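In what follows, a single structure is set out as structure tokens and then discussed.
Worth saying up front: this structure is predicted, and the values here are computed from it rather than measured. All heavy atoms count here, side chains included; hydrogens, waters and symmetry mates do not.
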Amino acid sequence: MVPVTALWLPILLSAMIVFVVSSIMHMVLPYHRGDYRQLPDEDKVRASLRASGVTRGLYIFPFCSHKEMNSPAMQEKYKEGPVGYMTIFPPGPPAMPKFLAMWFVYCLIVGFFVAYLTGRTLAAGTHYLQVLRVAGTAAFMAYGIGQLSNGIWKGQTWGMTIKEVIDGLVYALLTAGMFGWLWPR
């Protein structure tokens with residue numbers, strides 16, 4: 001067993017490299033540019049939402065209780081469409097510094113749990129590839145596998161979901177590489 005305190009450097013460096021690479025993947029490389037689409041007649045939709053008094057939160061439409069879901073009236077609303085989820089943020093420009101800080105903290109948390117699991121599973125001096133395997137699996141569960149639920153439950157396109165899973169695989173491999181490289185000998 002290796003204590004988490006002995007793994008502070010791979011935790012920190014893996015969070016840093018994932019943060020930098022994810023920024024490059026989303027801001028420089030073109031493969032995420034088509035993930036989001038503009039609403040038809042966006043200004044009209046925004047004015048309507050503003051007039052309705054919608055506030056920050058996650059909305060589903062058409063909205064109903066589980067009891068009402070199979071009623072003829074709800075079935076008709078589902079057929080008419082649109083059916084969807086909508087996330088509303090507070091008014092104002094996107095809080096990118098806050099989002100980026102939260103993403104970095106998330107990367108640190110992933111690194112901590114990868115360190116915990118790998119440290120409890122493997123001894124000091126374990127071969128690089130074995131550390132890579134355990135750390136990579138743990139990191140992929142955090143960064144990649146969790147993305148599949150967006151395609152299942154939130155209506156995200158499968159193309160976008162698969163891209164996010166691939167991103168998660170890249171982040172997991174970077175994390176695993178850091179742990180394998182800096183694993184205590």
Exercise for the section: Any chance you could lay out the side chain to side chain contact (heavy atoms under 4.5 Å, CB included) test for Glu42 and Val45, step after step, and finish with the verdict? Expected result: CA-CA 5 Å; Glu42 178 182 313; Val45 173; 5.7 Å; no
Completion exercise
Separation between CG (Leu174) and CZ (Phe19), nearest 0.5 Å, reads 14.5 Å
Exercise for the section: Return yes when atom CH2 of Trp8 has more than 12 non-hydrogen atoms of other residues, nucleotides or ligands closer than 6.0 Å, and no otherwise. Expected result: no
Exercise for the section: Without swapping roles, check the side chain of Glu68 against the backbone of Ser65 for a donor-acceptor pair under 3.5 Å. Expected result: yes
Exercise for the section: Kindly indicate whether the side chain of Val83, heavy atoms from C-beta on, has any atom under 4.5 Å from the side chain of Pro62. Expected result: yes
Exercise for the section: Please confirm whether the backbone N or O of Thr55 pairs with a side-chain atom of Tyr59, one donor and one acceptor, at under 3.5 Å? Expected result: yes
Practice task
Identify which one of Val2, Val4, Leu7 satisfies the side-chain contact (heavy atoms from CB on, under 4.5 Å) criterion when paired with Tyr116.
Solution key: Val4
Handout entry: Atom CZ of Phe99 with >12 non-hydrogen neighbours under 6.0 angstrom
Key = yes
Handout entry: Beyond-backbone contact of Leu169 with Tyr143, side-chain heavy atoms, under 4.5 angstrom
Key = no
Practice task
With the side chain counted from C-beta on, respond yes when Tyr78 and Met69 share a heavy-atom pair under 4.5 Å apart, and no when they do not.
Solution key: yes
Problem - Arg37 CZ: over 12 foreign heavy atoms closer than 6.0 Å - result: no
Exercise for the section: State whether the side chain of Ser14 and the backbone N or O of Ile11 hold a donor-acceptor pair below 3.5 Å, judged by distance alone. Expected result: yes
Exercise for the section: For Met160, look at atom CE and say whether over 12 heavy atoms of other residues, nucleotides or ligands are found less than 6.0 Å away. Expected result: yes
Exercise for the section: Just say parallel, tilted or perpendicular for the rings of Tyr106 and Trp103, cut-offs at 30° and 60°. Expected result: parallel
Practice task
Examine distances only and state if a side-chain atom of Trp183 and a backbone atom of Ala123 form a donor-acceptor pair shorter than 3.5 Å.
Solution key: yes
Practice task
Would you indicate whether Phe104, at its atom CZ, is surrounded by more than 12 heavy atoms from other residues, nucleotides or ligands within a distance under 6.0 Å?
Solution key: yes
Problem - Non-hydrogen side-chain atoms of Met141 and Thr137 separated by less than 4.5 Å - result: yes
Exercise for the section: Any chance you could measure Thr126, atom OG1, to Arg185, atom CZ, to the nearest 0.5 Å? Expected result: 9.0 Å
Handout entry: Side-chain heavy-atom pair Tyr171, Met25 within 4.5 angstrom cut-off
Key = yes
Handout entry: Leu122 and its side-chain contact (heavy atoms from CB on, under 4.5 Å) partner, picked from Met1, Arg133, Gln130, His127
Key = Gln130
Exercise for the section: Give a yes or no on this: more than 12 heavy atoms of other residues, nucleotides or ligands lie within 6.0 Å of atom NZ of Lys163. Expected result: yes
